[in-house]
Structures are given as structure tokens and as C-alpha cells.
Engineer: 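I'd like to ask you about the structure that follows.
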Amino acid sequence: MSDDLLVVEGLKKHFPVTRGIIFQRQVAAVKAVDGVSFTVKRGETLGVVGESGCGKSTMARCIMRLIEPTAGSVVFDGREITGLSRHELRPIRREMMMVFQDPYASLNPRKRVGAIVGEALEVHKIGTATETKRRVQELLEIVGLNPEHYNRFPHEFSGGQRQRIGVARALAINPKLIVCDEPVSALDVSVQAQILNLLKDLQKEFGLTYVFIAHDLNVVRHISDRVLVMYLGHAVEVATRDELYHHPRHPYTGALLSAVPVPNPELARARQQILLEGDVPSPLNPPSGCWFHPRCPRHHPGVCDVREPQLVAAAGDHRVACHFPLERWPMNAAEMAAPAASASTGAGTATGAP
Amino acid sequence: MALLDVRDLHTTFRTDDGLVKAVDGVSFTVEPGKTLGIVGESGSGKSVTCLTIMGLNDRRSASTSGQALFKGADLLAMPKNELRALRGNEISMIFQDPMTSLNPVHTIGRQLVEAVHLHQDVSRSSARSQSLDVLKAVGIPNAERRIDDYPHQFSGGMRQRVMIAMALINHPDLLIADEPTTALDVTTQAQILKLMDTLQKEYGSAIVMITHDLGVVAEIADDVVVMYGAQVVERATAEELFARPSMPYTWGLLGSLPRIDHDVERLAQIPGTPPSLLNPPSGCRFHPRCTYAMSICQSEQPPLASATGSETHLSRCHLDQATRLTEIKKLESGHFAEVT
Amino acid sequence: MTRYVIRRILWALVLFVVVTFVSYVIFFLIPADPVKLFAGRQATPEDMARAAAFYGLDQPFYVQYWKFLSRLVTHGVIGEKALGFSFVNRQWIASGVQSRAPVTASLVLGGAVMWMILAVPIGIVSALRPRSLIDRGATVFVLIGISAHPVFLALIFLYIFGYKLHMFPIGSYADFFNPPPGQAGGPLQWAWHMFLPWCTFAILFAALYVRMIRASVIETMNEDYVRTARAKGAPEWVVMRSHILRNALLPIVTMLGMDIALGLGGAVFTESVYSLPGLGQWAVQSLETFDLPVTMGVVVFATTAVLVVNVIVDVLYAVIDPRIKLA
Ligand SMILES: Nc1ncnc2c1ncn2[C@@H]1O[C@H](COP(=O)(O)OP(=O)(O)O)[C@@H](O)[C@H]1O
Ligand SMILES: Nc1ncnc2c1ncn2[C@@H]1O[C@H](COP(=O)(O)OP(=O)(O)O)[C@@H](O)[C@H]1O
Ligand SMILES: [Mg+2]
Ligand SMILES: [Mg+2]
């Protein structure tokens with residue numbers, strides 16, 4: 001059995017944009033995910049960060065095979081799952097589950113909690129009615145809800161409790177992988193802490209593997225073992241958590257880190273922020289060369305706007321897609337903009353000493 | 001003299017389920033040119049507090065008492081016309097959701113010009129050039145061209161800049177911002193906070209910044225009000241609040257925050273859920289969730305009193321000084337997780 | 001925009017063919033022999049055959065339908081001969097449409113103005129003062145308007161305001177521009193004659209529109225941008241005029257277009273009771289006498305009108321709502 005539970009290679013999802021008077025033809029594509037590769041080891045948590053619209057949810061839905069990827073491969077537990085038929089997917093669906101962002105929209109309001117949590121058991125025809133009920137009550141207890149609330153409807157619960165229901169539903173048939181798409185983004189800090197603690201406890205208890213999507217870098221740092229940074233449908237940096245937060249290599253990661261508000265007035269005011277200009281470009285019409293170059297403080301004309309950087313190893317397990325990766329951290333905006341040392345070497349892909 | 005002095009503000013909504021006391025005895029002051037942060041979880045009454053001060057609550061279901069003295073004049077007792085003359089002129093407000101806060105059928109320019117004409121007797125061309133200037137000041141690229149665009153042609157961050165432009169166009173003395181960055185990404189949030197800071201220095205406006213993010217407070221606030229269950233539970237300067245938070249709810253808030261500058265295995269979680277404002281708990285509103293709760297906490301509401309000897313630092317808690325100091329010591333050494 | 005209009009027109013053509021074809025099929029499914037009617041009671045089989053050949057009824061219906069379509073194309077839709085002639089009196093259909101369409105148009109468009117005049121203020125006031133006396137009154141009006149059938153209303157109006165009070169004429173029409181000699185005409189007479197029909201026709205729609213406008217205004221009043229306008233210091237009437245009404249009435253415009261088109265169908269009842277020489281009345285007569293070309297003429301006219309009105313409204317909507325991109 002391999003160490004890697006999930007191996008994603010060159011994953012792409014392009015949504016067609018069509019036009020036509022009666023017959024529709026494709027005129028363009030929204031490149032929501034455009035060639036992302038990463039692996040997730042058994043029992044670890046891979047955090048995924050990036051601004052909204054950078055393709056995180058689309059990637060998650062491709063991994064879950066809720067939508068069909070345009071290209072690329074997704075190997076789950078040693079099996080290629082792209083291209084599998086619905087029937088062939090069935091046994092695999094039992095092993096990967098998803099928790100969604102919006103605790104209000106993701107639970108069917110007309111179903112009782114018992115039915116929602118037991119849904120997967122029913123679909124996969126596991127156990128009798130009494131067994132299902134017992135299992136559901138056990139699950140409710142595991143996620144910290146009152147098992148007697150089995151017969152209630154979702155609207156009778158608070159946002160945090162609903163997210164617990166979502167977690168219980170995902171746990172129902174002992175999955176190996178849980179993909180969490182911004183599970184705490186809609187919650188208040190105190191409730192967010194409850195859910196994060198719950199997810200960590202469950203991971204320890206059941207040996208779960210998580211892909212944890214969020215846009216809050218604090219949350220991702222708290223829960224992840226490794227972190228993937230996405231920008232405009234691409235993976236721009238992957239590293240272990242401490243590597244990424246202490247020695248970011250990609251200017252975008254640096255800018256994200258410097259933008260995170262710190263609840264400490266002295267630190268917050270002393271810190272030098274790297275403010276990015278403008279907005280994320282449209283995935284319908286992405287920039288040439290490096291996707292980040294129009295907003296990048298280290299943008300080198302003639303290189304960054306021409307050549308697409310590859311995600312290559314910068315140091316050990318630390319991979320970055322940048323022609324001029326940061327040599328050290330922290331840096332302020334002026335230092336970042338100053339001609340980078342590796343500019344002279346000119347090599348498009350920066351490998352070498354950490 | 002304080003620019004804004006809110007005294008014992010109460011706002012109650014009549015609803016089908018009963019009376020909702022959305023603001024229950026809130027007092028604070030805002031000094032000229034300074035920034036006050038109001039933090040609290042959702043439903044704690046932050047927005048209603050500010051809407052009440054602005055006179056923007058639904059008059060049919062809300063009833064209000066208390067005082068909100070702006071430059072000495074009570075906004076709550078003022079005739080409607082006078083209050084309207086102040087709104088958008090001396091006091092401005094921006095809202096959480098930039099996607100829905102601008103009228104989709106009018107151009108940005110028209111909405112800005114409207115704001116000018118409501119308070120200044122100037123020509124159309126002068127109103128338009130003022131609008132253009134303020135759009136440039138908030139960093140809208142190609143302002144000359146974009147002034148005639150409609151809101152849907154702007155991104156979320158750009159719309160929030162337009163909202164800020166509209167709020168600042170008449171150079172207000174007080175800007176109330178209700179979670180202006182909550183709907184935005186971190187990088188955009190950083191841009192907007194920086195912009196507000198720059199403009200505050202330039203125009204000298206005071207800011208009331210509502211947020212649920214203690215990080216944002218640390219970033220820009222001079223003074224902080226922490227709200228819980230429609231009441232102020234702690235009030236302090238930003239330095240004091242983060243250095244010596246003095247009551248269990250604030251400890252819980254700080255401890256439940258995963259943060260980039262600290263490593264903890266488990267976050268300190270506040271058990272339970274926020275109180276119902278239809279039927280708030282007796283005594284201290286926080287006692288059902290408080291790990292330090294004593295019997296007095298159930299029966300008696302603690303007053304907002306000086307916590308650490310500093311007269312700018314007030315909190316609502318029955319805990320004795322010694323216990324609080326030991327807990328604060330623990331916090332100082334970074335043991336957030338062990339608070340509860 | 002142009003692309004959009006082209007696409008709409010292409011779709012309109014497809015719809016047009018479908019609607020007219022279905023009308024043909026229905027006509028031929030009716031178990032009756034129109035030839036017998038036209039050829040007269042004592043007709044010999046030869047007479048019948050000659051009549052059938054003269055009217056073209058001896059051919060299978062798809063051939064007839066094909067002829068009908070090609071006539072439309074060769075003579076141009078608005079040409080005199082395009083729609084053929086009536087089986088009953090052998091007059092060109094086109095001239096019948098020409099004389100009758102203005103009557104129906106008077107009824108429907110005047111009715112639309114009437115229902116908007118009623119519905120806009122009532123809808124707004126009841127939105128501003130929910131549960132007030134006016135709002136409750138409006139609710140009663142809505143209930144009555146929705147449940148009363150136009151024939152019933154028309155008869156009551158005629159009885160009270162025409163027969164009893166002599167305030168309005170009974171069962172006649174006055175032309176707006178050039179009335180036939182010896183008959184009343186001109187704008188005033190026209191409006192006076194049309195008043196009761198307008199009221200009858202407008203009540204159902206007025207009731208529906210009060211409800212829609214009320215809901216739309218209430219929804220708009222809770223929009224964030226309305227709060228923004230108040231926070232800017234705009235007085236209530238400015239908020240109402242430039243931030244609530246314009247936005248709230250946007251969706252109503254689309255509805256209006258569709259309902260005017262629908263109203264062409266609803267005009268039938270009102271026209272019959274008030275004896276207005278309009279298209280609806282004509283269509284009913286033609287069905288009773290199996291006068292296929294007349295039926296088809298009215299169907300063609302009504303379908304075209306509906307499609308044209310819809311395209312116009314969509315384009316109008318795109319002009320007043322900047323968010324809509326017609327592509
Ligand atoms: N079904 C779809 N059709 C077309 N475009 C889509 C669709 N779903 C997502 N997109 C686009 O793909 C991009 C990535 O979206 P998403 O994966 O939701 O981002 P994230 O979760 O990171 O915020 C966005 O630009 C979005 O507009
Ligand atoms: N118009 C209203 N009618 C009834 N209840 C309201 C109204 N507006 C706010 N509330 C209630 O008042 C409380 C405080 O709300 P709010 O000030 O919006 O909280 P927040 O701190 O999240 O801004 C909430 O419990 C909310 O449900
Ligand atoms: Mg998403
Ligand atoms: Mg709020």
C-alpha cells in the first residue's frame with residue numbers, strides 16, 4: 001500500500017463559454033483549474049489557500065468526481081478515478097466525502113437530521129433500519145450533538161451545529177478522505193474553533209485524511225500539515241506548513257502572508273505589508289507567461305510575461321512556480337521589488353540552495 | 001470633547017416572536033480623528049448600534065432610548081430634517097456587502113454626484129469633478145472612464161472603494177464602517193484597510209470600525225469596544241485590550257483565534273452558542289458559557305467597571321482582581337489554549 | 001444587441017410556423033364538413049366538389065397549409081391577398097384585419113394604460129403602509145378582480161352605468177380618426193365609448209399588478225442600496241423616486257409586455273359583451289361558421305403581435321436595466 005492516498009496530476013477543468021443563434025458553439029473557456037498537481041499522504045491534512053475564484057471549489061469537485069475534469073488524472077488509493085463510469089465509481093464514493101461551506105444551504109431543509117446523516121448508509125445499502133438509526137445516533141454523539149435530536153430539522157440548529165451535522169454526514173461510512181470546502185468560512189470565531197477542534201479530534205481518532213480548503217491563512221496554518229497555494233487555477237507553491245509560513249518562496253504567498261491581520265497591535269503596526277495592486281484577472285482571459293505577473297512586485301519584463309513557470313522543487317519537498325522566487329523572508333515591498341539575485345542567472349526555473 | 005458620545009443606548013425590535021433587545025445599554029465615545037473598533041460575534045448588536053445612531057432603523061418596528069451626542073447635539077432627539085442634513089455630510093456610513101450596496105441601475109458617477117448635490121449647492125460640473133477627484137483618491141484606475149460605468153462592471157474590492165469614495169465625498173467628521181472588509185479576500189482587505197488609514201490621515205475623520213475580526217481591530221483601532229449579547233462587555237484602548245484582556249469572553253475570543261504568530265495544538269473554544277436576545281440569560285449574559293461562572297453570575301448583572309485600575313479600561317465581570325491577573329499572566333506567556 | 005434581435009426574430013419565425021400549423025391541424029380535426037355549409041343545403045355532389053375545389057378544401061390539409069404559407073410569403077404578410085379571402089363573404093381577410101385591429105388595439109392598449117394607472121399608486125401605497133386600511137382595501141380589490149369573470153363584470157357594468165344610470169353608451173364603438181358617416185367619432189367619443197370596456201378589461205390585470213407592484217416595492221425597500229441612499233442623507237421622496245420605484249418597476253415592465261400580448265386573447269370576452277367590432281369578436285364568429293381563412297388571419301395577426309411586443313419589451317428592458325446584456 002502506497003503512502004499516498006491521493007495523487008492529482010495535471011488536473012484541468014475548463015468551463016466552455018458558448019454562443020450561437022440556435023446551435024451553440026464554444027467560443028472560449030473559463031480556465032477554472034488549469035493544470036494542478038499534488039499528492040496527499042495518508043493521515044495528513046493538505047490545506048488549500050487562494051483568493052476567491054482561483055478554482056479551489058472546482059478542484060474539489062473534480063477530485064470528488066462531482067464534475068468531470070477536462071484533463072489530468074486523479075488517483076485515489078491506487079486507482080485512477082477519472083473516466084470511471086457511475087457504476088464503477090460507487091465503491092469509491094464510499095471512501096471520499098465532502099463537507100461544504102454553507103451550513104444553511106448544504107442540508108436539505110425538508111429532511112430530518114437522521115435521514116441526512118444516514119443518507120450515505122442508505123445509498124450504499126449498509127445495515128438495517130435499526131442499525132442505521134443506532135449508527136446515526138452514534139455519529140451525532142461523536143460530533144458533539146445530542147443523539148436525541150435525531151428527528152429534528154436543520155432549521156432547528158445553529159450554524160455551528162449544522163456544520164457538525166455536515167461533518168457527521170461525511171463520517172457516516174468511515175471514509176478515508178474528507179474534502180472540506182471552506183467548512184468554517186461562514187462561522188463566527190468561537191464556533192469556528194469548535195469545528196476546527198472537532199475535525200482535528202476526528203482525524204486523530206479515525207486516521208482521516210483531509211483536503212482542507214479555506215481562504216483564511218490562519219485557519220489553514222492551524223489545521224494543515226502541508227499547504228498548497230493556488231492562484232488563477234494554478235498551484236503556485238506547495239510546501240510543508242512550517243516551510244511555507246516561515247520561508248515562502250512565491251511572491252504571491254509572501255503577499256498573502258503579509259496581508260493577514262495579526263491580533264497584536266504592536267506586530268500589526270510594525271509589519272511591512274506587501275500590497276498587491278488591482279484584482280485577480282479573469283480566468284476567461286488569463287495573462288500570458290506567469291499568471292501572476294501583472295500584480296507581481298518582482299515582475300521582470302521579458303521573462304515573466306513570456307514564459308510560464310513550472311512547479312519545481314526549490315528545496316526538498318518545497319515546490320514553487322516562479323522565475324524569481326524569494327530568497328528570504330520577511331521582506332518588505334521595496335526589497336521584493338529590487339532586482340532579484342536569481343535574475344542574473346536568468347534561468348526560468350529556480351532550483352538550487354534553499 | 002468627544003466627537004460622538006453614546007450614552008445608555010437601547011434599541012428594541014417588535015417581532016412576531018416578541019421583543020428583541022438588540023442593543024441594551026450601550027455606551028462609548030469616539031474622539032475626533034481616532035478609530036474605534038467594535039468587535040463581537042454576529043448577532044451581538046454591532047450593526048443595530050450604528051444604524052440606531054444614524055437613525056436608519058425601521059421606524060415601525062424599532063423603539064429607541066438613550067442619547068447619541070454628536071458634537072454635543074443628540075442625534076436621537078433631533079428633528080428628522082436636521083439628522084438628514086448630517087447624514088452623508090458630517091457622518092457617513094459604509095456597509096458590509098459592496099455587491100448590493102450600490103444601486104445597480106445608476107452609474108457610479110450619478111450616485112456620487114447625488115451625494116454631492118444632497119449637501120452642497122454646486123453646479124453639475126463641479127459635483128462631477130469632485131466625484132472624479134474622490135474616485136482617484138480611493139485608487140480607481142482610469143477614473144475618467146470608469147465614472148460612467150455601472151456597479152456590476154466593478155469587482156467587489158473596487159465597489160467597496162466606490163462606497164468609501166461616496167462616504168468621504170463631503171468630508172465627514174465621522175465615518176461608520178460596518179464590516180467593510182468581511183466580504184473581501186485578505187489581499188483586498190489589506191488594500192482597503194490601508195486606504196482607510198491613508199484617507200483618515202488626509203481628511204482627519206474619526207472612524208467607527210465594526211468587525212468580528214480581532215486582527216482587523218489590532219490593525220487599525222485606537223480604542224476597542226467588545227460586544228456580547230447586545231451589551232458592551234469590555235472597553236479599552238487597543239494596547240490595553242490585547243495586552244491585558246480582562247474578562248472571560250474576551251479571553252475566549254482571543255484563544256479561539258487560530259493565529260499565524262502562535263502555535264497551539266487545540267484552540268480554546270467557547271462552549272455553547274451566543275444568547276438569544278428575545279430571552280437573554282439572567283445575571284451576566286455570558287455566564288451559561290463561562291468556565292469561571294460563580295453563583296453571583298447567575299443572579300446579578302456585573303457593572304461595566306474599571307478592571308485593571310486604568311480608567312480607560314472597563315469590563316463587565318464578577319471575577320476578583322487577583323484571579324483575573326493570574327489569567328492574564330497565563331495569556332501573556334502565550335498559553336491561550338489553557339484559558340478554558 | 002443586433003445578434004440578440006436576430007436570434008429572437010428567428011425564434012419568432014419558428015414559433016409562428018408552429019402556432020399556425022397547430023391551428024390548421026385543430027381546424028381539420030373538428031368533425032364537421034365546412035363544404036356542405038358553403039355549398040348550400042340543396043347542393044348536388046358535383047356542386048359540393050366544385051365548391052371544395054374553389055375553396056381548395058379538396059386537398060390534404062398539409063398541402064393547404066403549404067399553400068397558406070407560400071401565399072403569406074409571395075404576397076408579403078401585410079399584402080392585401082396574403083391572408084386569402086373569407087369563405088363566408090369572399091372579402092379579403094387583410095382588409096377585415098385592417099378595420100378590426102384598431103378596435104382591439106384600442107381596447108388592449110387603453111386597458112393597459114388603465115390598469116397601470118390603477119395599479120401603480122395602489123401598489124405603492126399598500127407597500128408603504130402594509131396592514132393599513134388602504135392595504136387591506138387593496139387586498140379586497142385584488143380578490144374581487146382576480147375572481148370576477150370579464151363577462152360577468154361587463155354585464156354588471158353595462159346594467160348599472162349604461163342601462164340604469166345612462167352614463168355610458170351600450171354596445172357600440174366610435175372611431176378615433178374617421179368614423180363612418182352619420183356615426184359618432186373623434187377622441188372624446190372614442191374614449192367615452194371605450195371607458196366601460198377598458199374598466200372591464202383592466203380589472204383583472206389591475207388586481208394582479210397591485211399584488212406584483214406591492215411585492216416588488218416591498219422587496220426593493222429592503223435592498224442594501226436603499227439603505228445606502230438614506231445614509232447619504234437623501235430625503236424620503238428622493239429615495240422613493242430614484243432608488244425604489246425605478247428598480248421596483250423594472251420587472252413589471254417585462255410582465256407588462258407579456259400581459260398586453262395575453263390581453264389580445266382576453267379581449268374576446270369583453271368585445272363580445274360590448275359588441276365591439278374587434279378581432280376577438282370576429283375570430284369567435286369565424287369559428288362558428290367554419291371560416292378557416294378568417295380564423296387563420298386572426299391567429300396570424302395575434303401571433304405576430306405577441307411576438308413583436310415581446311421582442312420590443314425585451315429590448316426595452318435591456319435599455320433600462322444596465323445589467324442585462326443581450327447577446
Ligand atoms: N459551472 C461553472 N461554469 C462556468 N464557470 C464556472 C463554473 N463554476 C465555477 N466557474 C468559474 O471558475 C472559477 C473558479 O471558481 P471556484 O472553483 O468556485 O473558485 P473558488 O472556490 O476558489 O472561489 C471562477 O472564475 C468561476 O466563475
Ligand atoms: N429589523 C430587525 N428586526 C428584528 N430583529 C432585528 C432587526 N435587526 C436586527 N435584529 C436582531 O438584533 C440582533 C443584533 O443584530 P445586529 O446588530 O445585526 O448584529 P451584528 O452584531 O451581527 O451586527 C440580532 O439578534 C438580530 O436578529
Ligand atoms: Mg469556493
Ligand atoms: Mg452586522
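All values below come from the heavy atoms of this structure, side chains included, with hydrogens, waters and symmetry mates left out. Per chain, numbering begins at 1; letters A, B, ... match sequence-line order. Remember, predicted model here, so these are calculated numbers, not experimental data.
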Engineer: Checking heavy atoms, do the side chain of B:Val216, its backbone, both or neither come under 4.5 Å from chain A?
Structural biologist: both
Engineer: Measure A:Gln273 against the heavy atoms of chain B and call it side chain, backbone, both or neither at under 4.5 Å.
Structural biologist: side chain
Engineer: Please check if atom NZ in B:Lys136 has more than 12 non-hydrogen atoms from other residues, nucleotides or ligands closer than 6.0 Å.
Structural biologist: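 Above 12, so yes.
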Engineer: Please determine whether the number of non-hydrogen atoms from other residues, nucleotides or ligands lying under 6.0 Å from atom CD of B:Glu144 exceeds 12.
Structural biologist: yes
Engineer: By a 4.5 Å heavy-atom criterion (distance strictly below it), what part of A:Leu267 contacts chain B: side chain, backbone, both, or neither?
Structural biologist: side chain
Engineer: Flag the one option from A:Val191, A:Asp201, A:Leu217, A:Leu256 with the top tally of heavy-atom pairs under 4.5 Å to chain B.
Structural biologist: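 Option with the top pair count is A:Asp201.
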Engineer: To check you understand the geometry: which heavy-atom pair defines the closest contact between A:Ala193 and B:Gln269, and what is its length?
Structural biologist: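 Nearest heavy atoms, A:Ala193 then B:Gln269: O-OE1, 3.9 Å.
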Engineer: With rounding to the nearest 0.5 Å, note down the distance linking CG in B:Leu257 to OG in A:Ser190.
Structural biologist: 11.0 Å
Engineer: Heavy-atom cut-off 4.5 Å, strictly under: side chain, backbone, both or neither for A:Leu276 against chain B?
Structural biologist: both
Engineer: Which atom pair, heavy atoms only, marks the closest approach of B:Ala238 to A:Pro265?
Structural biologist: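 Closest pair (atom of B:Ala238, atom of A:Pro265, distance): O-CG, 3.9 Å.
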Engineer: Counting only heavy atoms from other residues, nucleotides and ligands, does the tally under 6.0 Å from CD of A:Glu156 exceed 12?
Structural biologist: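 It does: A:Glu156 CD has more than 12 such atoms within range.
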Engineer: Taking 4.0 angstrom as the limit, do A:Arg269 and B:Glu219 come out as a salt bridge?
Structural biologist: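 A salt bridge is absent here (no side-chain N lies under 4.0 Å from a carboxylate O).
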Engineer: Applying side chain to side chain donor-acceptor pair (under 3.5 Å) to A:Glu51 and B:Thr187, what does each step give before you reach the verdict?
Structural biologist: CA-CA 8 Å; A:Glu51 288 168 278; B:Thr187 50; 2.4 Å; yes
Engineer: Can you tell me which residue among B:Val39, B:Asp213, B:Leu214 is in a side-chain contact (heavy atoms from CB on, under 4.5 Å) with A:Pro263?
Structural biologist: B:Leu214
Engineer: If only atom types and distance count, is the side chain of A:Lys200 paired as donor or acceptor with the main-chain N or O of B:Glu265 below 3.5 Å?
Structural biologist: yes
Engineer: Which atoms of A:Asp216 come close to chain B, meaning under 4.5 Å heavy atom to heavy atom: side chain ones, backbone ones, both, or neither?
Structural biologist: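 Interface part for A:Asp216: neither.
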Engineer: Sort B:Ile220 into side chain, backbone, both or neither according to what part of it lies under 4.5 angstrom from a heavy atom of chain A.
Structural biologist: backbone
Engineer: Given the options A:Val262, A:Leu257, A:Val219, which has more heavy-atom pairs under 4.5 Å with chain B than any of the others?
Structural biologist: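 Heavy-atom pairs under 4.5 Å are most numerous for A:Val262.
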Engineer: So, does A:Asp188 use its side chain to make a donor-acceptor pair with the main chain of B:Ser42 at under 3.5 Å?
Structural biologist: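 Checking the backbone N and O of B:Ser42 against the side chain of A:Asp188, a donor-acceptor pair under 3.5 Å is found.
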Engineer: On a heavy-atom basis, which atom in A:Asp279 and which in B:Met158 lie closest, and how many Å separate them?
Structural biologist: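 That closest heavy-atom pairing would be OD2-CG, 3.6 Å.
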Engineer: Might you work through the side chain to side chain contact (heavy atoms under 4.5 Å, CB included) test for B:Ser256 and A:Gln194, ending with a clear yes or no?
Structural biologist: CA-CA 8 Å; B:Ser256 58; A:Gln194 294 172 1; over 6 Å; no
Engineer: Hey, mind stepping through B:Lys194 and A:Leu275 against side chain to side chain contact (heavy atoms under 4.5 Å, CB included) and telling me if it holds?
Structural biologist: CA-CA 9 Å; B:Lys194 175 86 184 154; A:Leu275 287 179; 3.4 Å; yes
Engineer: For A:Asn197, is it the side chain, the backbone, both, or neither that has a heavy atom closer than 4.5 Å to a heavy atom of chain B?
Structural biologist: both
Engineer: Measuring heavy-atom distances to chain B, does A:Gln192 have an atom under 4.5 Å in its side chain, in its backbone, in both, or in neither?
Structural biologist: side chain
Engineer: Give a yes or no on this: more than 12 heavy atoms of other residues, nucleotides or ligands lie within 6.0 Å of atom CD of A:Glu266.
Structural biologist: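 Count not over threshold, so no.
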Engineer: With a 4.5 angstrom heavy-atom cut-off, is it the side chain or the backbone of A:Ser52 that approaches chain B, or both, or neither?
Structural biologist: both
